[in-house]
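Notes follow once the structure below has been shown.
Throughout, protein chains are lettered first and strands after them, A, B, ... in sequence-line order, and every chain is numbered starting at 1. Keep in mind it's a predicted model, so treat the numbers as computed, not measured.
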There are 2 protein chains.
Amino acid sequence: MESQDLKKAGLKATLPRIKILNILESSPARHMSAEDVYKALLEGGEEVGLATVYRVLTQFEAAGLVERHHFEGGHSIFELNDGDHHDHILCVKCGRVDEFMDDVIEQRQHQIAEEKGYNITSHSLYIFGICRKCQK
Amino acid sequence: MESQDLKKAGLKATLPRIKILNILESSPARHMSAEDVYKALLEGGEEVGLATVYRVLTQFEAAGLVERHHFEGGHSIFELNDGDHHDHILCVKCGRVDEFMDDVIEQRQHQIAEEKGYNITSHSLYIFGICRKCQK
DNA sequence: GGCTATAATGAGAAGCGTTCGCATTAGTGT
DNA sequence: ACACTAATGCGAACGCTTCTCATTATAGCC
Ligand SMILES: [Mn+2]
Ligand SMILES: [Mn+2]
Ligand SMILES: [Zn+2]
Ligand SMILES: [Zn+2]
(Lines give C-alpha, C1' and ligand atoms only; values in the text may rest on other atoms or scores of the structure.)
(Ligands and ions follow the chains in the order given, each with its own letter.)
Protein backbone atom coordinates (compact mmCIF):
# COMPACT_ATOMS: atom_id res chain seq x y z
CA MET A 1 0.00 0.00 0.00
CA GLU A 2 1.58 3.21 -1.15
CA SER A 3 -0.31 5.37 1.31
CA GLN A 4 1.64 3.73 4.12
CA ASP A 5 5.00 4.37 2.43
CA LEU A 6 4.05 7.99 1.97
CA LYS A 7 2.96 8.49 5.53
CA LYS A 8 6.07 6.78 6.80
CA ALA A 9 8.00 9.31 4.73
CA GLY A 10 6.11 12.11 6.40
CA LEU A 11 4.00 12.97 3.37
CA LYS A 12 0.24 13.26 3.11
CA ALA A 13 -1.20 10.41 1.08
CA THR A 14 -2.69 12.42 -1.75
CA LEU A 15 -3.92 10.92 -4.98
CA PRO A 16 -1.23 12.49 -7.17
CA ARG A 17 1.51 11.26 -4.87
CA ILE A 18 0.11 7.75 -4.79
CA LYS A 19 -0.21 7.65 -8.56
CA ILE A 20 3.31 8.93 -9.11
CA LEU A 21 4.79 6.45 -6.67
CA ASN A 22 2.84 3.78 -8.51
CA ILE A 23 4.31 4.77 -11.85
CA LEU A 24 7.82 4.69 -10.43
CA GLU A 25 7.25 1.25 -8.95
CA SER A 26 5.50 -0.35 -11.89
CA SER A 27 7.17 1.25 -14.89
CA PRO A 28 9.59 -0.96 -16.82
CA ALA A 29 12.05 1.95 -16.94
CA ARG A 30 14.01 2.37 -13.72
CA HIS A 31 15.23 5.83 -14.73
CA MET A 32 12.59 8.39 -15.64
CA SER A 33 12.41 12.12 -16.22
CA ALA A 34 9.56 14.23 -14.82
CA GLU A 35 8.18 14.37 -18.34
CA ASP A 36 8.34 10.56 -18.60
CA VAL A 37 6.34 10.24 -15.40
CA TYR A 38 3.87 12.85 -16.60
CA LYS A 39 3.35 11.06 -19.92
CA ALA A 40 2.91 7.74 -18.15
CA LEU A 41 0.19 9.31 -16.02
CA LEU A 42 -1.59 10.73 -19.05
CA GLU A 43 -1.41 7.38 -20.82
CA GLY A 44 -2.99 5.83 -17.76
CA GLY A 45 -5.83 8.33 -18.03
CA GLU A 46 -4.77 10.12 -14.88
CA GLU A 47 -5.27 13.85 -14.43
CA VAL A 48 -2.17 15.25 -12.77
CA GLY A 49 -0.54 18.55 -13.56
CA LEU A 50 3.08 18.68 -14.71
CA ALA A 51 3.94 21.16 -11.96
CA THR A 52 2.66 18.66 -9.43
CA VAL A 53 4.84 15.94 -10.91
CA TYR A 54 7.88 18.17 -10.46
CA ARG A 55 6.85 19.15 -6.95
CA VAL A 56 6.14 15.61 -5.88
CA LEU A 57 9.36 14.22 -7.29
CA THR A 58 11.31 16.90 -5.47
CA GLN A 59 9.48 16.04 -2.25
CA PHE A 60 10.15 12.35 -2.79
CA GLU A 61 13.80 13.17 -3.21
CA ALA A 62 13.84 15.20 0.01
CA ALA A 63 12.09 12.33 1.76
CA GLY A 64 14.65 9.85 0.47
CA LEU A 65 12.13 7.85 -1.55
CA VAL A 66 13.75 8.77 -4.83
CA GLU A 67 17.15 9.73 -6.19
CA ARG A 68 17.76 12.47 -8.71
CA HIS A 69 20.46 12.11 -11.34
CA HIS A 70 21.87 14.46 -13.92
CA PHE A 71 22.55 12.29 -16.92
CA GLU A 72 23.76 14.79 -19.54
CA GLY A 73 21.10 16.78 -21.36
CA GLY A 74 19.97 19.36 -18.88
CA HIS A 75 17.04 17.51 -17.37
CA SER A 76 16.75 15.53 -14.17
CA ILE A 77 16.27 11.78 -14.07
CA PHE A 78 14.66 10.03 -11.12
CA GLU A 79 14.74 6.49 -9.81
CA LEU A 80 13.36 4.76 -6.77
CA ASN A 81 15.81 4.69 -3.90
CA ASP A 82 16.39 1.05 -3.07
CA GLY A 83 18.90 1.95 -0.42
CA ASP A 84 21.91 0.53 -2.22
CA HIS A 85 24.23 3.08 -3.78
CA HIS A 86 25.30 2.62 -7.38
CA ASP A 87 26.70 4.59 -10.29
CA HIS A 88 25.77 4.57 -13.97
CA ILE A 89 27.20 3.71 -17.34
CA LEU A 90 25.25 5.01 -20.34
CA CYS A 91 25.19 4.46 -24.07
CA VAL A 92 25.60 7.73 -25.94
CA LYS A 93 23.84 6.28 -29.00
CA CYS A 94 20.72 4.56 -27.72
CA GLY A 95 20.47 5.91 -24.19
CA ARG A 96 20.72 2.53 -22.54
CA VAL A 97 21.58 2.76 -18.84
CA ASP A 98 23.41 0.18 -16.77
CA GLU A 99 24.27 0.31 -13.12
CA PHE A 100 27.39 -0.66 -11.24
CA MET A 101 29.05 -0.34 -7.88
CA ASP A 102 32.78 -0.55 -7.43
CA ASP A 103 34.27 -0.68 -3.96
CA VAL A 104 37.71 0.26 -5.22
CA ILE A 105 36.40 3.46 -6.79
CA GLU A 106 34.30 4.30 -3.75
CA GLN A 107 37.30 3.85 -1.51
CA ARG A 108 39.63 5.90 -3.69
CA GLN A 109 37.12 8.74 -3.67
CA HIS A 110 37.21 8.89 0.10
CA GLN A 111 40.97 8.77 -0.01
CA ILE A 112 41.07 11.69 -2.42
CA ALA A 113 38.60 13.74 -0.39
CA GLU A 114 40.76 13.21 2.67
CA GLU A 115 43.94 14.18 0.83
CA LYS A 116 42.33 17.37 -0.43
CA GLY A 117 40.90 18.22 2.98
CA TYR A 118 37.25 17.73 2.09
CA ASN A 119 34.52 16.22 4.19
CA ILE A 120 32.83 14.20 1.46
CA THR A 121 29.04 14.47 1.19
CA SER A 122 28.31 12.77 -2.13
CA HIS A 123 29.64 12.06 -5.56
CA SER A 124 28.40 11.62 -9.08
CA LEU A 125 30.05 9.29 -11.55
CA TYR A 126 28.87 8.61 -15.07
CA ILE A 127 30.71 6.52 -17.62
CA PHE A 128 29.70 7.21 -21.22
CA GLY A 129 30.26 4.78 -24.03
CA ILE A 130 28.72 2.72 -26.78
CA CYS A 131 26.85 -0.36 -25.72
CA ARG A 132 27.31 -3.81 -27.22
CA LYS A 133 24.28 -3.55 -29.49
CA CYS A 134 25.24 -0.12 -30.82
CA GLN A 135 28.77 -1.19 -31.61
CA LYS A 136 27.67 -3.31 -34.58
CA MET B 1 49.70 35.22 -30.06
CA GLU B 2 46.13 34.02 -29.81
CA SER B 3 45.41 34.51 -33.50
CA GLN B 4 47.80 31.67 -34.25
CA ASP B 5 46.16 29.33 -31.74
CA LEU B 6 42.79 30.08 -33.26
CA LYS B 7 43.93 29.50 -36.82
CA LYS B 8 45.66 26.29 -35.80
CA ALA B 9 42.30 25.21 -34.39
CA GLY B 10 40.66 25.99 -37.71
CA LEU B 11 38.88 29.11 -36.51
CA LYS B 12 38.96 32.58 -38.01
CA ALA B 13 40.86 34.99 -35.78
CA THR B 14 38.05 37.37 -34.99
CA LEU B 15 38.22 39.98 -32.26
CA PRO B 16 35.59 38.38 -30.02
CA ARG B 17 37.34 35.01 -30.21
CA ILE B 18 40.72 36.53 -29.39
CA LYS B 19 39.29 38.44 -26.45
CA ILE B 20 37.51 35.41 -25.06
CA LEU B 21 40.59 33.23 -25.36
CA ASN B 22 42.46 35.98 -23.58
CA ILE B 23 40.03 36.00 -20.68
CA LEU B 24 40.30 32.26 -20.32
CA GLU B 25 44.09 32.42 -20.30
CA SER B 26 44.51 35.38 -18.01
CA SER B 27 41.63 35.05 -15.56
CA PRO B 28 42.56 33.87 -12.07
CA ALA B 29 39.61 31.48 -12.14
CA ARG B 30 40.32 28.29 -14.07
CA HIS B 31 36.65 27.31 -14.21
CA MET B 32 34.26 29.88 -15.66
CA SER B 33 30.65 29.97 -16.82
CA ALA B 34 29.67 31.75 -20.03
CA GLU B 35 28.26 34.48 -17.84
CA ASP B 36 31.56 34.78 -15.97
CA VAL B 37 33.40 35.23 -19.25
CA TYR B 38 30.83 37.74 -20.41
CA LYS B 39 31.14 39.79 -17.23
CA ALA B 40 34.93 39.72 -17.43
CA LEU B 41 34.68 41.12 -20.95
CA LEU B 42 32.35 43.90 -19.84
CA GLU B 43 34.63 44.78 -16.95
CA GLY B 44 37.46 45.01 -19.42
CA GLY B 45 35.40 47.47 -21.43
CA GLU B 46 34.98 45.04 -24.31
CA GLU B 47 31.86 44.98 -26.43
CA VAL B 48 30.92 41.36 -27.04
CA GLY B 49 27.42 39.95 -27.07
CA LEU B 50 26.43 37.18 -24.69
CA ALA B 51 25.21 35.05 -27.58
CA THR B 52 28.66 35.32 -29.10
CA VAL B 53 30.27 34.19 -25.87
CA TYR B 54 28.09 31.08 -25.88
CA ARG B 55 28.76 30.43 -29.56
CA VAL B 56 32.50 30.90 -29.23
CA LEU B 57 32.80 28.72 -26.15
CA THR B 58 30.92 25.96 -27.93
CA GLN B 59 33.22 26.31 -30.93
CA PHE B 60 36.26 26.26 -28.67
CA GLU B 61 34.93 23.08 -27.15
CA ALA B 62 34.44 21.48 -30.57
CA ALA B 63 37.95 22.56 -31.51
CA GLY B 64 39.38 21.02 -28.36
CA LEU B 65 40.61 24.33 -26.96
CA VAL B 66 38.26 24.17 -24.03
CA GLU B 67 36.46 21.61 -21.90
CA ARG B 68 32.87 21.89 -20.75
CA HIS B 69 31.82 20.62 -17.37
CA HIS B 70 28.46 20.23 -15.69
CA PHE B 71 29.11 21.07 -12.09
CA GLU B 72 25.67 20.88 -10.51
CA GLY B 73 23.37 23.85 -11.01
CA GLY B 74 22.21 23.56 -14.58
CA HIS B 75 24.81 25.76 -16.23
CA SER B 76 27.98 24.87 -18.10
CA ILE B 77 31.45 25.60 -16.78
CA PHE B 78 34.42 25.94 -19.10
CA GLU B 79 38.14 25.62 -18.64
CA LEU B 80 41.12 25.70 -20.95
CA ASN B 81 42.09 22.28 -22.18
CA ASP B 82 45.65 21.72 -21.07
CA GLY B 83 45.71 18.24 -22.53
CA ASP B 84 45.91 16.46 -19.21
CA HIS B 85 42.72 14.80 -18.03
CA HIS B 86 41.52 15.41 -14.51
CA ASP B 87 38.38 15.20 -12.41
CA HIS B 88 36.95 17.59 -9.84
CA ILE B 89 36.15 17.83 -6.16
CA LEU B 90 33.93 20.72 -5.13
CA CYS B 91 32.87 22.42 -1.92
CA VAL B 92 29.10 22.54 -1.64
CA LYS B 93 29.30 25.55 0.69
CA CYS B 94 31.72 28.00 -0.92
CA GLY B 95 32.00 26.63 -4.44
CA ARG B 96 35.73 25.98 -4.23
CA VAL B 97 36.97 23.61 -6.93
CA ASP B 98 39.98 21.31 -6.73
CA GLU B 99 41.30 18.98 -9.36
CA PHE B 100 42.63 15.47 -9.14
CA MET B 101 43.58 12.51 -11.28
CA ASP B 102 43.56 9.00 -9.96
CA ASP B 103 44.98 6.20 -12.05
CA VAL B 104 43.25 3.54 -9.99
CA ILE B 105 39.84 5.09 -10.65
CA GLU B 106 40.58 5.61 -14.33
CA GLN B 107 41.61 2.00 -14.67
CA ARG B 108 38.60 0.64 -12.81
CA GLN B 109 36.32 2.62 -15.08
CA HIS B 110 37.76 0.93 -18.14
CA GLN B 111 37.43 -2.40 -16.42
CA ILE B 112 33.77 -1.75 -15.67
CA ALA B 113 33.06 -0.57 -19.20
CA GLU B 114 34.57 -3.76 -20.53
CA GLU B 115 32.61 -5.95 -18.13
CA LYS B 116 29.38 -4.24 -19.15
CA GLY B 117 30.18 -4.48 -22.86
CA TYR B 118 30.63 -0.77 -23.44
CA ASN B 119 33.16 0.94 -25.64
CA ILE B 120 34.03 3.82 -23.31
CA THR B 121 34.07 7.32 -24.79
CA SER B 122 34.28 9.54 -21.73
CA HIS B 123 33.32 9.85 -18.11
CA SER B 124 32.38 12.51 -15.63
CA LEU B 125 33.24 12.29 -11.97
CA TYR B 126 32.51 14.91 -9.35
CA ILE B 127 33.11 14.52 -5.66
CA PHE B 128 31.11 16.89 -3.47
CA GLY B 129 32.03 17.80 0.04
CA ILE B 130 32.91 20.55 2.47
CA CYS B 131 36.35 22.05 2.15
CA ARG B 132 38.74 22.59 5.02
CA LYS B 133 37.88 26.26 5.45
CA CYS B 134 34.14 25.67 5.45
CA GLN B 135 34.39 22.91 8.05
CA LYS B 136 35.11 25.38 10.82
C1' DG C 1 46.59 47.99 -50.10
C1' DG C 2 41.59 47.86 -51.59
C1' DC C 3 37.47 44.53 -53.00
C1' DT C 4 34.43 40.79 -52.59
C1' DA C 5 32.61 36.51 -50.98
C1' DT C 6 31.58 34.59 -46.93
C1' DA C 7 31.59 33.67 -42.23
C1' DA C 8 30.91 35.87 -37.66
C1' DT C 9 28.56 39.13 -34.77
C1' DG C 10 24.94 41.57 -31.83
C1' DA C 11 20.39 42.15 -30.29
C1' DG C 12 16.40 40.38 -29.22
C1' DA C 13 13.15 36.64 -29.63
C1' DA C 14 12.36 31.98 -28.71
C1' DG C 15 13.25 27.36 -26.57
C1' DC C 16 13.40 24.20 -22.84
C1' DG C 17 13.14 22.29 -18.42
C1' DT C 18 11.75 23.80 -14.19
C1' DT C 19 9.61 26.69 -10.51
C1' DC C 20 6.28 30.09 -8.77
C1' DG C 21 1.81 32.43 -7.50
C1' DC C 22 -2.58 31.98 -6.45
C1' DA C 23 -7.25 30.57 -6.46
C1' DT C 24 -9.40 26.00 -5.84
C1' DT C 25 -9.57 21.36 -3.93
C1' DA C 26 -8.70 17.56 -1.01
C1' DG C 27 -6.59 15.05 3.17
C1' DT C 28 -6.35 14.84 8.16
C1' DG C 29 -7.48 14.70 12.96
C1' DT C 30 -11.31 15.73 15.82
C1' DA D 1 -19.21 15.26 9.06
C1' DC D 2 -16.22 19.75 9.75
C1' DA D 3 -12.72 22.89 9.71
C1' DC D 4 -7.93 23.69 9.23
C1' DT D 5 -4.32 23.35 6.43
C1' DA D 6 -1.60 21.53 3.01
C1' DA D 7 -1.63 20.11 -1.82
C1' DT D 8 -3.11 20.79 -6.50
C1' DG D 9 -3.64 22.68 -11.32
C1' DC D 10 -3.13 26.19 -14.28
C1' DG D 11 -0.60 29.62 -16.52
C1' DA D 12 2.91 32.87 -16.03
C1' DA D 13 7.65 33.49 -15.10
C1' DC D 14 12.25 31.85 -14.58
C1' DG D 15 17.39 30.98 -15.85
C1' DC D 16 20.33 29.33 -19.07
C1' DT D 17 21.04 28.60 -23.72
C1' DT D 18 20.19 28.66 -28.71
C1' DC D 19 18.18 30.68 -32.77
C1' DT D 20 17.06 34.32 -36.37
C1' DC D 21 18.40 37.65 -39.19
C1' DA D 22 20.07 42.04 -40.47
C1' DT D 23 24.72 44.11 -40.02
C1' DT D 24 29.74 43.86 -39.82
C1' DA D 25 34.29 42.09 -40.14
C1' DT D 26 37.68 38.67 -41.88
C1' DA D 27 40.45 36.09 -45.44
C1' DG D 28 42.01 35.49 -49.88
C1' DC D 29 42.59 37.43 -54.35
C1' DC D 30 43.46 41.23 -57.63
MN1 LIG E 1 20.22 3.77 -11.22
MN1 LIG F 1 39.42 21.51 -14.08
ZN1 LIG G 1 23.42 1.66 -27.24
ZN1 LIG H 1 34.25 25.60 1.06
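- Heavy-atom contacts from other residues, nucleotides or ligands closer than 6.0 Å to CD of B/Glu114 number 12 or fewer.
- Among residues two or more places apart in sequence or in another chain, the side-chain contact (heavy atoms from CB on, under 4.5 Å) test is passed with B/Lys12 by B/Thr14, B/Arg17.
- The nearest pair of heavy atoms linking B/Met101 to B/His86 is CG-CA, 4.2 Å.
- The ring pair (Phe, Tyr, Trp, His ring centres under 6.0 Å) contacts involving residues 7-29 of chain A comprise nothing, where partners must be two or more places apart or lie in separate chains.
- Scanning for salt bridge (Lys or Arg N to Asp or Glu O under 4.0 Å) contacts around B/Arg96 gives B/Asp98, with sequence neighbours left out.
- Under the side-chain contact (heavy atoms from CB on, under 4.5 Å) criterion, A/Ser3 pairs with A/Met1, A/Ala13, A/Ile18, sequence neighbours left out.
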Check nucleotides 13-17 of chain D against the protein and report each pair of N or O atoms closer than 3.5 Å, with its distance, or say if there are none.
| from | atom 1 | to | atom 2 | distance (Å) |
| --- | --- | --- | --- | --- |
| D/dT17 | OP1 | B/Ser76 | N | 2.6 |
| D/dT17 | OP1 | B/Ser76 | OG | 3.4 |
| D/dT17 | OP2 | B/Tyr54 | OH | 2.4 |

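- The span of DNA chain C lying next to chain B, judged by atoms under 4.0 Å from heavy atoms, is bounded 5' to 3' by C/dA7 to C/dG12.
- Taking atom CG of residue A/Leu6 and atom P of nucleotide D/dT8, one finds them 10 Å apart after rounding to whole Å.
- For B/Glu99, the CD atom is densely surrounded, since the number of other residues' heavy atoms within 6.0 Å is greater than 12.
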Indicate every side-chain donor-acceptor pair of residues 67-74 of chain B with a distance under 3.5 Å to a residue at least two apart or in another chain.
| from | atom 1 | to | atom 2 | distance (Å) |
| --- | --- | --- | --- | --- |
| B/Arg68 | NE | B/Glu61 | OE1 | 3.0 |
| B/Arg68 | NH1 | B/Ser76 | OG | 3.0 |
| B/Arg68 | NH2 | B/Thr58 | OG1 | 3.2 |
| B/Arg68 | NH2 | B/Glu61 | OE1 | 3.1 |
| B/His69 | NE2 | B/Glu79 | OE2 | 2.6 |

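- B/Gln107 CD: 12 or fewer foreign heavy atoms inside a 6.0 Å radius.
- As a whole-Å value, the separation of B/Gln59 CD from D/dC19 P is 12 Å.
- Surrounding NE2 of A/His110 are at most 12 heavy atoms belonging to other residues, nucleotides or ligands under 6.0 Å away.
- In this structure, B/His75 has no ring-ring contact (aromatic ring centres under 6.0 Å, His included) partners at least two apart in sequence or on a different chain.
- Sorted by first and then second residue, the side chain to side chain donor-acceptor pair (under 3.5 Å) pairs involving residues 33-42 of chain B (not counting sequence neighbours) are B/Ser33-B/Asp36.
- Note on the helix from C/dG1-D/dC30 to C/dT30-D/dA1: terminal axis deviation equals 30°, with five pairs used at each end and the result rounded to 10°.
- Residues from residues 8-31 of chain B with heavy atoms under 4.0 angstrom of DNA chain C, sorted by number: B/Lys12, B/Thr14, B/Pro16, B/Arg17.
- Applying the side-chain contact (heavy atoms from CB on, under 4.5 Å) rule to A/Leu80 yields the partners A/Leu21, A/Leu24, A/Glu25, A/Val66, A/Asp82; only residues at least two apart in sequence or on another chain are considered.
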